[in-house]
Amino acid sequence: MSSVMKIRTKIVLLFSIISTLLLVVFALYVSYFTYDSLQTKFFHRLEENAVIVGDHIVHQKEENKELYIQVKRKYLKQLSEGTDHLLRVVKGSDSIRFKPNLPMPMSFYKEVIKNGKGRYMHNKTAFVAVFFNDNLHHDNLIVVSEGIDEYGHDEQRQLDHTLITGGFLAILLIILMSFYFADRLLKPIKDINSDLGKVDIANLDYRLSSKFSNAKDELGVLIANLNSMLSRLDISVQSQQSFIGNASHSLKTPLTIIGGEAELARNLIPKEHEAYYSLETIAKYADKMELIINNLLQLSRMGFKGEVDNKVLIRIDELLYEIYKAERSIHKDFRLSFDLTQIPEDSDELTVFANPDLFYIAFSNIISNAYKYGNGEQVQVAISCDDRNITIKVFDKGIGIPQKDQPHIFTSFYRASNVGDIYGNGLGLVLAKNIFDLHGAELNLYSAEGQGTQVVVTLPKIAF
């Protein structure tokens, strides 16, 4: 399971905890009040027994004797392991003559003399004391009835066992139900997420729907808001696409004319002329502006489509060699060495399925960067492959990238702080990464300031 807890798990956990707590509280409530009720009833029986015994001793009447026998027979089983204690109290005094071997303190007997009766619980044994004014004898009487409520304890144990067993079964049922209801609750959200997964920049006209909600409930409002957002986004993207198409035509044509006219004028005047340098600068920067516009258009079009067209099988080593020749024709001092020691004998192993124009742009940007920021040192390109991937590594021994700048190297228009006057627009790596991402490839960069940079591109192989 992931480190971040899913909503479904949270719902199940929360519902189970709350329900379990309620069951535990309810079980404790039932158990406690059942125990209290059984204990109270047993105290009443002990008190009745004490009253009958005391009445029999104090009054000594035949009818009381018969009643005493009947009561003793009735409560004999319920008052098992118990007995009656007869304590004499000096008339007019609040203390007993002799303290019996019972667990009650002397204050208990004083309370009984004062209030007429009292109750005491020692472990499982219950004691009920009743005070009698005895007119037939010299001392008054306290009858202490002692007993253990085995019947009540058995009932309590059975009840607790039932509550525990039923509680575990109820908790298990609650957990199963919580999974069911969590799935039911989250089903509309799963449907929305599934529908949102179908939406990309190429089909923004897709709209969400759900059979689990209506337009007035919370999910219905959410779906309506998402559809409204998609409509606004669709309009915005269409406007941007239209702008890019118009900008492509409106900007590239004047730049081509400016560059062409500057080149023509430069060829018509001698190099010694003071305007020659200005015309050369105009032509140079017109070419650079056209390159920036082309990169931006490529980046935007890839973002809008979200996919790559015109894929063909290409040999990656041949593509890299074409890039080397093109760079060499532009920069006479450009030096590059190929490390082909780890390539397979079968050349088809170096075949990938990709758009050749986009791959040319991506690798050209990487190699061009290695030349520009390589301090004039030789650029190295190493090609290797395994059963699944082709790996291309481009090394330079140039200025490197400072550590603080490396988190931003794939941000559009961002340039490292140590590039100085080296020309660039901050789009080359961004464009390359987007191209490789669209092809299912991976681009990684490792660099240290003053020690150079290594760019590693991992391409999935084509299975034959």
Peer 1: Give a yes-or-no answer on whether the side chains of Glu155 and Tyr151 include a donor-acceptor pair shorter than 3.5 Å.
Peer 2: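 Their side chains do contain a donor-acceptor pair, which is all the 3.5 Å distance test asks for.
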Peer 1: Is the count of non-hydrogen atoms from other residues, nucleotides or ligands lying under 6.0 Å from Phe410 atom CZ greater than 12?
Peer 2: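 Counting neighbours around CZ of Phe410, more than 12 heavy atoms of other residues, nucleotides or ligands fall under 6.0 Å, so yes.
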Peer 1: Taking Thr162 for its side chain and Gln158 for its backbone only, find out whether a donor-acceptor pair lies under 3.5 Å.
Peer 2: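 A pair under 3.5 Å: yes.
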Peer 1: Contact between Tyr120 and Val144 at the side-chain level, heavy atoms closer than 4.5 Å - yes or no?
Peer 2: no
Peer 1: Which class fits the ring pair Phe338 and Tyr324: parallel under 30°, tilted 30 to 60°, perpendicular over 60°?
Peer 2: perpendicular
Peer 1: Counting only heavy atoms not in Lys190 (residues, nucleotides, ligands), do more than 12 fall under 6.0 Å from its NZ?
Peer 2: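 Counting neighbours around NZ of Lys190, more than 12 heavy atoms of other residues, nucleotides or ligands fall under 6.0 Å, so yes.
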Peer 1: Do we see a donor-acceptor contact under 3.5 Å between the side chains of Asn389 and Thr458?
Peer 2: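 No, no side-chain donor-acceptor contact under 3.5 Å.
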Peer 1: Using the benzene-type ring in the case of Trp, are the ring centres of Phe363 and Phe436 under 6.0 Å apart?
Peer 2: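 Yes, ring centres under 6.0 Å apart.
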Peer 1: Is the closest side-chain donor-acceptor distance between Asn123 and Thr125 under 3.5 Å?
Peer 2: no
Peer 1: When you check the gap from the basic side-chain N to the acidic O, do Asp183 and Lys187 get nearer than 4.0 Å?
Peer 2: no
Peer 1: Taking atom types as modelled, is there a side-chain donor on Glu280 or Tyr276 under 3.5 Å from an acceptor on the other?
Peer 2: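 There is no such pair (donor and acceptor under 3.5 Å, judged by atom type) between the side chains of Glu280 and Tyr276.
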Peer 1: Is any side-chain heavy atom of Val394 closer than 4.5 Å to a side-chain heavy atom of Asp396?
Peer 2: no
Peer 1: Look at Arg45 together with Glu48 and state whether they make a salt bridge at an N to O cut-off of under 4.0 Å.
Peer 2: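 No, no charged N to carboxylate O under 4.0 Å.
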